[in-house]
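Working notes for the structure below.
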Amino acid sequence: VELALTVADATGWEVVVVTMAPASAGAGLRRALAMGADRAIHVADPALAGSDLLPTSRVLAAIVRRESPEIVFFGAGSADTGASLLCAAVSERLGWPLLSRAASIALTGHRVRAFRRTDRGGIVAEADLPVVVSLAGPIGTIRHPGLSDIASARRKPVEVMTANRLGLSAEESGLAGSGTRVLGAAPGQVRSKQTTILDGPAAAERLFAILQEWGVGRG
Amino acid sequence: VAERPLVFLELVAGEPTRGSLGLLGRAREVFGTVAAVVFGPHARTIGGGLGGFGADTVYTFDENPLGREGAAMDLAWTHVDAVAHLVEEHGFRTVLFEGSSVASDIAGALSARLEAGVNWALSDISLNGEAVVGIRPSANEALRAGGGRVRVGWVGPRHLGVFETDAFAPRRSAARSHVIDLSPVVGPTGSGESRRAVRVVSGTTGDDPASRALGSADVIVAGGRGMRDASVLRTLEELAELLGGAVGVSMPIVDRGWYPYEHQIGSATPSVRPRIYIACGISGSVQHRIGMQQSQFVVAINIDRDAPIMSFADVGVLGDLHQLLPQLIELLRRHDGAREPEPTD
């Protein structure tokens with residue numbers, strides 16, 4: 001949201017925030033509106049419960065087609081959530097270029113230039129609008145809304161959206177529209193580690209002895 | 001017909017990554033047969049050597065990394081076309097990737113292109129009769145630490161799987177690979193401009209394997225906010241060198257500009273899984289823990305007994321890292337020095 005607002009500050013563009021989550025999860029949207037986003041779309045639909053990457057990317061691509069923005073931003077998410085796959089799936093559905101893992105972006109005319117933090121190192125890359133941008137990680141400083149911002153955010157529109165209104169059939173939504181299943185779980189053993197505490201003047205020597213037991217060192 | 005998976009072989013600095021070679025070997029073990037796909041100017045040469053890692057067939061594509069304006073191009077999205085061609089025209093149902101930035105871009109797009117389910121962060125794969133089953137370490141930290149695993153499956157005929165980085169070690173195989181160059185059929189990938197084109201302006205485009213070194217390191221010496229200044233990282237480097245390991249850092253250190261991002265360990269970067277992880281002045285935030293919790297042994301050097309990392313370290317050293325690390329280095333040096341005179345004959 002911060003990055004989108006920064007672009008909007010420079011261009012005067014509208015910022016629309018979108019979430020796909022149960023109806024109870026509106027707090028994040030309110031916060032984004034308080035930060036300065038203009039309006040919100042909350043996709044809250046029991047028909048979407050159990051959606052994996054396929055239905056989720058269908059929903060987001062349908063919203064993008066409806067709104068026709070210049071840039072679609074994706075937050076970083078954690079490595080475990082599949083967020084890095086989702087932005088690629090959405091860019092594919094739209095046929096838009098993807099600048100993934102952006103740490104910063106600059107907009108010049110019709111081009112977006114991004115500093116990408118990939119696992120091979122930093123890469124500066126650029127693409128033409130409209131473009132999908134996903135973030136590499138948290139943005140350094142985030143604006144903090146004041147009380148008046150929070151109050152005015154309550155008057156900003158939040159549109160509640162369903163899969164049906166976006167033109168998705170039941171077969172394309174939720175568990176039925178997903179390409180993956182969880183089959184089962186093996187819980188394993190909950191291991192609470194016993195931590196050996198070393199302190200005092202001999203700590204370094206005792207650590208050295210333990211490392212030797214673990215077989216470290218050259219040769 | 002037996003299921004034959006296709007493994008996307010990622011090159012870094014012109015060489016296949018260790019993890020994608022390992023994936024090839026594991027896939028051969030599980031499915032009995034496996035094919036690979038390789039992109040790049042030397043794809044055919046590399047493909048010829050992949051039989052030794054388990055591939056019986058290797059599909060290669062030349063790359064034309066220059067766009068019409070002569071700008072270098074990011075080619076990940078064009079690889080989607082090529083892999084989709086292999087699935088649609090050569091009958092592959094299962095495509096497997098080692099996790100990476102490039103793999104995420106390609107697998108995510110391919111999922112939408114083929115309407116195929118994608119399971120990610122997999123640690124293993126197996127066959128249950130005809131059905132392909134993926135194994136994913138539990139997302140719940142406590143369960144994961146105890147070996148908790150989730151079995152995941154696919155709906156529909158096509159399966160995409162993205163594995164953890166460096167999940168398998170390469171195995172040598174006696175198989176010979178049959179190389180099929182598809183460049184003449186599909187055309188060199190990335191040719192010309194497109195409205196989807198991503199131009200590379202500058203930066204490393206495959207020559208910086210730093211985080212890969214971190215991914216396969218036996219020992220990682222990691223520094224955090226407890227380091228008083230950037231010069232302490234030289235001490236960490238020295239220790240890592242003595243232990244035959246690599247240096248990692250927590251996110252705040254990268255944010256301060258003390259050390260390159262490629263060395264960051266956390267939830268936004270590929271997980272590391274060294275045998276020994278030595279955390280120096282790292283409190284152990286949830287994000288950091290996600291990045292390193294697969295380490296076998298964890299040592300925490302910290303002045304704070306109540307730092308979260310003390311609850312999941314095997315050994316907690318209470319003290320000032322600025323004193324402890326030089327002492328430890330000295331002990332390791334003396335040890336190495338004592339051993340060197342031994343005759344090696």
Side-chain angles (χ1 to χ4, degrees), chain A residues 52-54 57 76 78-80 82 84-86 88-89 91-93 95-101 113 117-128 136-137 178-191 193 195-199 203-205 207-208 210 214 216-219, chain B residues 12 74 100-101 104-105 107-109 111-113 116-121 139 142-143 145-156 196 198-206 208 211 219 243-244 261-262 267-268 270 276 297 310 312-319 324 327-328 331-332 336:
Chain A
D52 75 355
L53 183 96
L54 288 176
S57 61
S78 84
D80 291 344
S84 59
L85 296 159
L86 180 61
S91 82
E92 173 68 30
R93 290 195 190 283
W96 291 13
L98 167 68
L99 293 169
S100 63
R101 297 173 203 242
R113 179 173 287 199
R117 285 179 167 177
T118 75
D119 51 19
R120 296 174 175 193
I123 295 173
V124 179
E126 62 176 30
D128 294 340
S178 293
T180 56
R181 289 281 185 276
V182 172
L183 303 174
Q189 294 173 316
V190 176
R191 180 179 62 153
K193 274 194 177 179
T195 305
T196 306
I197 295 290
L198 311 177
D199 61 0
E205 270 185 53
L207 175 57
F208 174 64
I210 290 171
W214 291 344
V216 303
R218 290 185 297 198
Chain B
V12 171
D74 182 307
S100 74
S101 307
S104 296
D105 286 359
S111 160
R113 173 81 64 93
V118 53
N119 281 304
W120 62 90
L143 293 177
R149 285 140 38 115
V150 179
R151 291 186 309 119
V152 292
W154 285 263
V155 181
R196 298 194 64 190
V198 174
R199 293 169 292 277
V200 176
V201 180
S202 68
T204 53
T205 50
D208 191 352
S211 72
V219 179
L243 297 173
Y261 172 76
E262 291 69 35
S267 60
I276 300 175
F297 296 113
M310 289 298 189
F312 56 92
D314 297 275
V315 176
V317 186
L318 275 180
L324 279 156
Q327 289 172 10
L328 186 59
L331 288 163
L332 283 161
D336 273 5

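Side chains are part of it too, since the values below use all heavy atoms of this structure and drop only hydrogens, waters and symmetry mates. Letters A, B, ... are given to chains in the order of the sequence lines, protein chains preceding strands, and every chain is numbered from 1. All of these numbers come straight from a predicted model, not from anything done at the bench.
For the pair T195(A) (side chain) and A313(B) (backbone), a donor-acceptor distance under 3.5 Å is present.
Note that the CG atom of D105(B) and the CD atom of E92(A) stand 11.5 Å from one another [nearest 0.5 Å]. With rounding to the nearest 0.5 Å, the separation of CD1 in I197(A) from CE in M310(B) is 5.0 Å. For the atom pair L207(A) CG and L324(B) CG, the distance stands at 8.0 Å (nearest 0.5 Å).
The candidate with the highest count of non-hydrogen atom pairs below 4.5 Å against chain B, out of L99(A), D52(A), L98(A), L86(A), is L98(A). Interface remark: of the candidates G117(B), G319(B), G108(B), G108(B) forms the most heavy-atom pairs closer than 4.5 Å to chain A. Of the residues considered (A203(A), G184(A), A127(A)), G184(A) shows the highest number of contacts with chain B, using heavy-atom pairs under 4.5 Å.
Side-chain polar atoms of T118(A) and S101(B) form no donor-acceptor pair below 3.5 angstrom.
Residue S91(A) touches chain B through both its backbone and its side chain, counting heavy-atom pairs closer than 4.5 Å. With a threshold of 4.5 angstrom between heavy atoms, R101(A) approaches chain B through side-chain atoms but not through N, CA, C or O. Within the 4.5 angstrom heavy-atom criterion, atoms from both the backbone and the side chain of A107(B) approach chain A. For a residue to count as touching a neighbouring chain, one of its non-hydrogen atoms must lie under 4.5 Å from one of that chain's; by this rule L331(B) touches chain A with backbone and side chain alike.
Side-chain atoms of V315(B) and W214(A), non-hydrogen and from C-beta on, do get closer than 4.5 Å to each other.
When the side-chain contact (heavy atoms from CB on, under 4.5 Å) test is applied to S111(B), the partners found at least two apart in sequence or on another chain are L53(A), L54(A), V118(B), L160(B).
When all heavy atoms of S104(B) and A88(A) are compared, the pair lying nearest together is O-CB, 3.8 Å.
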